[in-house]
Each structure stands twice: as structure tokens, then as C-alpha cells.
Amino acid sequence: MRSLLGAITAAAVVFLPLAVAGPAQAHGRDDAAVRKLVKDVTGKNVKKHLKAFQAIADANGGTRVSGSSGFDASRDYVARKLRDAGYEVTIQPFEFTFDGYRTPPVLKRTSPAPAKTYTYGFFQDYVAMGESPAGAASGTVQAVDLVLPPGPANSSSSGCEAGDFAGFVPGNVALMQRGTCNFRVKVDNAIAAGASAAIVFNEGQEGRTEVDLNPVLGGPGVTIPSFFTSFSVGQELAATAGTAVQLNWDPVVEQRTTYNVIAQTKKGDRNNVVMLGAHLDGVQEGPGINDNGSGSAGILEVALQFAKTKPKNQVRFAFWGAEEFGLLGSEHYVATLPEAERAKIALYLNFDMIASPNYTFGIYDGDGDAFGTAGPAGSDVIEEDFEKFFAGRGLPYTATAFTGRSDYGAFIAAGIPAGGLFTGAEVLKTAEEAAIFGGTAGVPLDPCYHSVCDTIANINDKALDVNSDAIATLTARYAFDTGSIGSAGTAGAASAKRSAGAHDHKPADAAS
């Protein structure tokens, strides 16, 4: 799931009552296909693909980020499996701007003992500020006019005036607090005082504690590595006089090539296409096993077990590249698809993070009754069909907003009915959610979101198994009957754009 380019406003979770209806009704050949596919798709086999993705990451620097050898090996693994199963497979290349680092970032407290290494990444301990130059530094941390404990929000003037650096020792690392002036002013003043590096930490009030924004320096000209940390890290570095740190930042921004993998059945009506998708890439910080190896593995196993079925409608499976750089793979696919071909897509199902360790069973709010932003006509039916699946299992479920946060964004923008599942990312689980779904209140739904610890150990097996069955159920159902979804006036009107702002999916509003 893609990273935030700005501050996140997390959508509230809205709980829906358990539906009293059983599973979506079907009969004849399609009902038998549903039963068979659900039986054949097991969480155990889905997890085998996740173990393969983990092995790929382990062999390629710990990551499967687009533009890396780890992603390319993931692409080859998926494409080979699908070709061997008999699908028509297309590898779609496209160019994108890779914005990352050559060597892993470092922020390490070297004294007092014991040493401590902090974790890089949004929602973790620290990030590099935008426009920070490459550089390494080691030195004593010197606090600059901090307000601890913090006062009212936006009240700290730490580093905002040159006078704040009176007595600053050149070569030290300047430790400053977010507050009344912008980051560039603070860092420029630190440079003028002779600092070897700059660390700015979040101010500390409620809502201003985490690394949950995109701190930027406002252009070139900065000459020292500059990091932004959570409040807890800054408070820890300020706690002991003489604390020393080591920093390293080695960024790279360049054009690279990455890929979408598209596989479709050879049988079925090519004028009525049922499409499923999941992003195959992860972030550079870790293996990306839940985000989004889980969704990719889920639809891959469904595809492999579905391969011998002769569907009435063509079924197409997509594995997107560069989602984490701004939904680029899915947007490229939809943008380059001829309008006549877009109109043949009856519906799109998206699966992004389906096995979060502290999960909820989230269903995209297709009818908009929970969050006020409905998908294109037919999305309400998809939502209802997923609800019937969970109700039929006696399982709770909840609505999750159509915010444009994942790869369905380009499809709903083109008027294509969409839906899908999401088990949660950085948002903390509420007490109400814990009472309904189990798990731990006050802990993120995925504590390893966008982190080095998003490994095979970061998977909830129950969520993976149940959601894989849900994918199988709707895939087989729609392969034989899309009902009113995709009929004239829905997908047939794919060229009709949604109303302005109704489903805004600009980068600043999106996350993972």
C-alpha cells in the first residue's frame, strides 16, 4: 500500500451489522465452480507463495521494491507460475522515477551504552527530509531550545532564530523540535552554526508524535544530512547530556523500468471481463510480505486453481508494479488501455494487505453508505456479495473507504465498478474493533507496515485463509455470472468520468 506524500487523515472504521442472509445465491455450473475453487484454494498453499516472496527478498537485499532485482524476481516467479498453468501472460514494462536510497539509511545512538539503532520509514522511527543531501556524520547531540514536556501545538520555536544556537559547538549534531517555523529555517540556522547534521523531531502533542508526514526542506541548497524523527526518538536523544549518534543518508533519484504482469484465461467472453488485481511491489525498507505479498499470493493461488475452469466470462489477473510510488502500474495500465477495451471490463476486484496481524475484515464501501463516497454503479453489488460471504461464515466485517489509496483508484476513475478487501495498515485498532475481531486495541492493524519487519512472520494465517476463500468465491461466481454488474450503464459506460472530487485519489490523500 502506497506511502503518504503528505499528512494522513485516517478514515474512521464504520461497523456494519452481520448480514442475516447466507452466501450469494447461485445454482448449476457456477455454484459447483464456487464450491470447488474454495475447496482447492487453501491458506497453506497461499502461504507457500509468501514464503517464495520472502526467499526472493532475502536473496535481493531484503526488498522487493519496484526497480530492483527483488521485484524482477517476483515478476518472473508469478509469470512463470501463470504460464505453466496455461494463461495468456503479458509483461507490460513502463518507466518511473525511482526515489530511494543506494545503501540503507542509518540513525544509531552510539552512546550512552547500550547502543541503539533506529528503524527507518514512515510510521517507524525516522525518515530523511525531502531534499536532504547525501552524507554521513557522527557526533555529540546538542539540543537547541527544546520545549520538554511540549507546550501547546505549534508553540516550540526551537531552531527558528540564529540566537537559539548561541554556544553551539561546531561539528555537533543539532537536535531541534517541530514548531512555529518551517524545517528549512531550522536546518539553515543549524548549517550556519556549524552543525554536521540536523535532526528535527515531532513536537509531542496528540497527533504530533509520529513520523506520519512528508517533511521537506523546500528545495536545494542544504549541505548536511537532515532527518525527521518521532517525538519519542527526539525525547530519548535529548534525555542524556553527551548522547552521541551516527547518521548516514545515501539517496538515489533516477528513471528505472518496472513491470505489470497481466494474465487472462484463454476461454470466456472477451467482451465481459472479470478482473482482479494486487500490487506485487513492496517498499524498499523491507520484504513487503503483507504489503502486498499477501494480496498477490492470494490472487495467484486463485488463478492457479482456477486455471482448468472453462468460464463463461474471461477472467484477468493483474500484478501491479510501482504501486508504492503512486499507484503507477495500475494507472499506466488503465491509461494505455483503449477505451473500447476498458468498456469490456465488467468489474475490478482489488486485494491489498489481506493478512494484517492485528486485522479487521474490511470491505470497500462500494455503496458509500458508510463514508459517503460510492464507487461506480455496480460497486454496491460487489460490496454486498463480499458481505454475504462473511455473513455466511458467521464472521464480522466492516466498511473501509474508497479513498483511492490503492490500485482500484484508476478503475473507479474510469467508471468501472470495483470492490475488494483490506485488513488494515498503520491505523490503531480500537477497543470496539478488538471486541469484535479479536486482537489488541491501541496497536496498529499492521505494526510492521512499511518496515523491515514486514516478513513472513507478519502474517495472520486466519485472515489470509478467510480472505483467500472470499477471493475464490467471488472470482468463480463472476466468472459465470456478473449479473447486473458491468451491464449497459455501468462498465459499458466506462468512459464516463466520475464527478469531480467524488473519489479524489491525488497523491497527498493516499497511503502505502
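In this chain, residues are counted from 1 in sequence order. Keep in mind that what you see is a predicted model, and the values were worked out from it rather than measured.
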(request) State, without any angle test, whether Thr103 and Asp250 hold a side-chain donor-acceptor pair at a distance under 3.5 Å. (result) yes
(message) I'd like to know if the side chain of Ser68 reaches the main chain of Arg64, judged simply by a donor and an acceptor atom lying under 3.5 Å from each other, with no hydrogens or angles considered.
(response) no
(message) Whether the Asp352 and His279 side chains hold a donor-acceptor pair (N or O, under 3.5 Å, no angle test) is what I'd like checked.
(response) yes
(request) Tell me whether the centres of the aromatic rings in Tyr120 and Tyr126 are closer together than 6.0 Å. (result) yes
(request) Return the orientation label for the His332 and Phe94 ring planes: parallel under 30°, perpendicular over 60°, tilted otherwise. (result) parallel
(message) Would you say the rings of Phe386 and Tyr397 are close, in the sense that their centroids are separated by under 6.0 Å?
(response) no
(message) Does the structure place the NZ or CZ of Lys429 under 6.0 Å from the centre of the six-membered ring of Tyr359, at an angle of no more than 45° from the ring's axis?
(response) yes
(message) Under the side-chain hydrogen bond (donor to acceptor under 3.5 Å, both in side chains) test against His450, which residue among Glu285, Glu324, Gln124, Glu426 passes?
(response) Glu324
(request) Could you tell me if the ring centre of Tyr77 sits under 6.0 Å from that of Phe53? (result) yes
(request) Could you tell me whether the side chain of Thr482 and the main chain of Tyr478 form a donor-acceptor pair under 3.5 Å? (result) no
(request) State whether a side-chain donor-acceptor pair under 3.5 Å links Asp407 with Ser330. (result) yes
(request) Using distance alone, with no hydrogens and no angle criterion, decide if Asp446 and Asn458 have a side-chain donor and acceptor under 3.5 Å apart. (result) yes
(message) Less than 3.5 Å apart, any donor N or O on the side chain of Ser230 or Asp125 sitting next to an acceptor on the other?
(response) no
(message) I'd like to check Val466 versus Phe390 (side-chain heavy atoms, cut-off strictly below 4.5 Å). Are they in contact?
(response) yes
(message) I need the single residue from Arg316, Gln314, Arg83, Gln264 that forms a side-chain hydrogen bond (donor to acceptor under 3.5 Å, both in side chains) with Glu88. Which is it?
(response) Gln264
(message) Just checking Tyr348 against Phe411, ring centres under 6.0 Å apart?
(response) yes
(request) Scan side-chain atoms only and decide if Asn272 and Asn313 contain a donor-acceptor pair under the 3.5 Å cut-off. (result) yes
(request) Taking all heavy atoms of Ser484 and all of Val381, pick out the closest pair and write down the distance. (result) OG-CG2, 4.3 Å
